[in-house]
Amino acid sequence: MIKSDRWIKKMALEHRMIEPFEENQVRKGTISYGLSSYGYDIRVSEEFKILNTNITIIDPKNLDPESFQDFKGDVCIIPPNSFVLGRSVEYFRIPRNVMTIGFGKSTYARCGIITNITPFEPEWEGYVTLGISNTTPVPVRIYANEGIAQIIFFESDEECIVSYADKNGKYQAQKGITPPKI
């Protein structure tokens, strides 16, 4: 069952599911973030990894550390037809009977930006690594500490047999932007 703002707020405040947690939707002068009716709008931090355009191939099984350039700032400019990795401001602790899916915010989607977020499995925790793609032929700005995507929470009526923590998932408790691992 999809979860409401009341459930999300209770889980965030009583069980530390989302930290920091914004109880209201923050909108004034910013791309919105915080609690919404049936989800939570996460922010992108000021840390980014920008794809180096001089590489010839990206190999998820053997990623060259030179594939990305670290960048820290209030605004990240994504080159045309390229992408960056970012991370959420919020740290998540997903309960054993919950799974999430995420979607990019419409403000960015209307500018040709696609934000990819993989599901948060039961008992996964960490900062979210975000794939942010610029599908346009011109550079696009991404604003740090503002909304980037919405997370929707689904609660099962029973706990899973094997959680992400049980299987020692390779992205468990990630602290920063985490490139692909094998």
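If you read the sequence from its start, that first residue is 1, and numbering goes on from there.
Shown here for L35 and G39, the closest heavy-atom pair between the two residues is CD1-O, 3.7 Å. Looking at every heavy atom in both residues, V84 comes nearest to C76 through CG1-SG, 4.1 Å. Between F48 and G86, the shortest heavy-atom distance links the atoms CD2-CA, 4.3 Å. Contact record, P122 with M99: CD-SD, 4.2 Å, taken as the closest heavy-atom pair. Across all their heavy atoms, Y38 and I8 have their closest contact at C-CD1, 4.2 Å. What you find for P20 and V89 is that their closest heavy atoms are CD-O, 3.8 Å.
With I55 as reference, I58 is the one residue of I58, I57, T53 to meet the side chain to side chain contact (heavy atoms under 4.5 Å, CB included) rule. Shown are M17, K175, R16; of these, the side chain to side chain contact (heavy atoms under 4.5 Å, CB included) with Y91 is made only by K175.
Within the 3.5 Å criterion, the main-chain N or O of F83 finds no donor-acceptor partner in the side chain of S133. In this structure, T30 contributes its side chain and S32 its backbone to no donor-acceptor pair below 3.5 Å. Between the side chain of R87 and the backbone N or O of V128, no donor-acceptor pair lies under 3.5 Å. Side-chain atoms of K105 do not come within 3.5 Å of backbone N or O of G147 as any donor-acceptor pair. Under a 3.5 Å cut-off, the side chain of N134 and the backbone N or O of P79 do form a donor-acceptor pair. Here the side chain of K3 pairs no donor or acceptor atom with the backbone of F154 at under 3.5 angstrom. Checked by atom type and distance alone, the side chain of E46 never pairs as donor or acceptor with a backbone atom of D74 at under 3.5 Å. Between the side chain of E90 and the backbone N or O of R43 there is at least one donor-acceptor pair closer than 3.5 Å. The backbone N or O of Y171 lies less than 3.5 Å from a partner atom in the side chain of Y164, making a donor-acceptor pair.
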field: CA sep, side-chain torsions, deciding dist, call: N97, E159, side chain to side chain donor-acceptor pair (under 3.5 Å)
entry: CA-CA 4 Å; N97 65 333; E159 290 186 351; over 6 Å; no

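Contact check for N116 versus L130: no side-chain heavy atoms found under the 4.5 Å cut-off. Residues W7 and E155 meet the side-chain proximity criterion, which asks for heavy atoms closer than 4.5 Å. Residues I148 and I42 are in side-chain contact: their nearest non-hydrogen atoms beyond the backbone lie under 4.5 Å apart. For the pair I113 and T135, the minimum side-chain heavy-atom distance is 4.5 Å or more. Side-chain contact between T100 and W124 is absent, with no heavy atoms from C-beta onward closer than 4.5 Å.
In this structure, E121 pairs ionically with K167, as a charged nitrogen and a carboxylate oxygen lie closer than 4.0 Å. Looking at K72 and E47, no side-chain N of the basic residue comes within less than 4.0 Å of a carboxylate O on the acidic one, giving no salt bridge.
With rounding to the nearest 0.5 angstrom, the CE atom of M11 is 9.5 Å from the CZ atom of F153. With rounding to the nearest 0.5 angstrom, the CZ atom of F120 is 11.0 Å from the CD1 atom of I152.
Aromatic ring centres of Y33 and Y40 lie farther apart than the 6.0 Å criterion allows.
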For residues 60-69, which side-chain N or O atoms pair as donor and acceptor with protein atoms under 3.5 Å away, sequence neighbours left out?
residue	atom	partner	partner atom	Å
D64	OD1	E66	N	2.9
S67	OG	D64	O	2.8

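The side-chain contact (heavy atoms from CB on, under 4.5 Å) search around D166 returns R96, E123, V162, S163, not counting sequence neighbours.
With no hydrogens or angles considered, no side-chain donor-acceptor pair links S36 and Q25 at under 3.5 Å.
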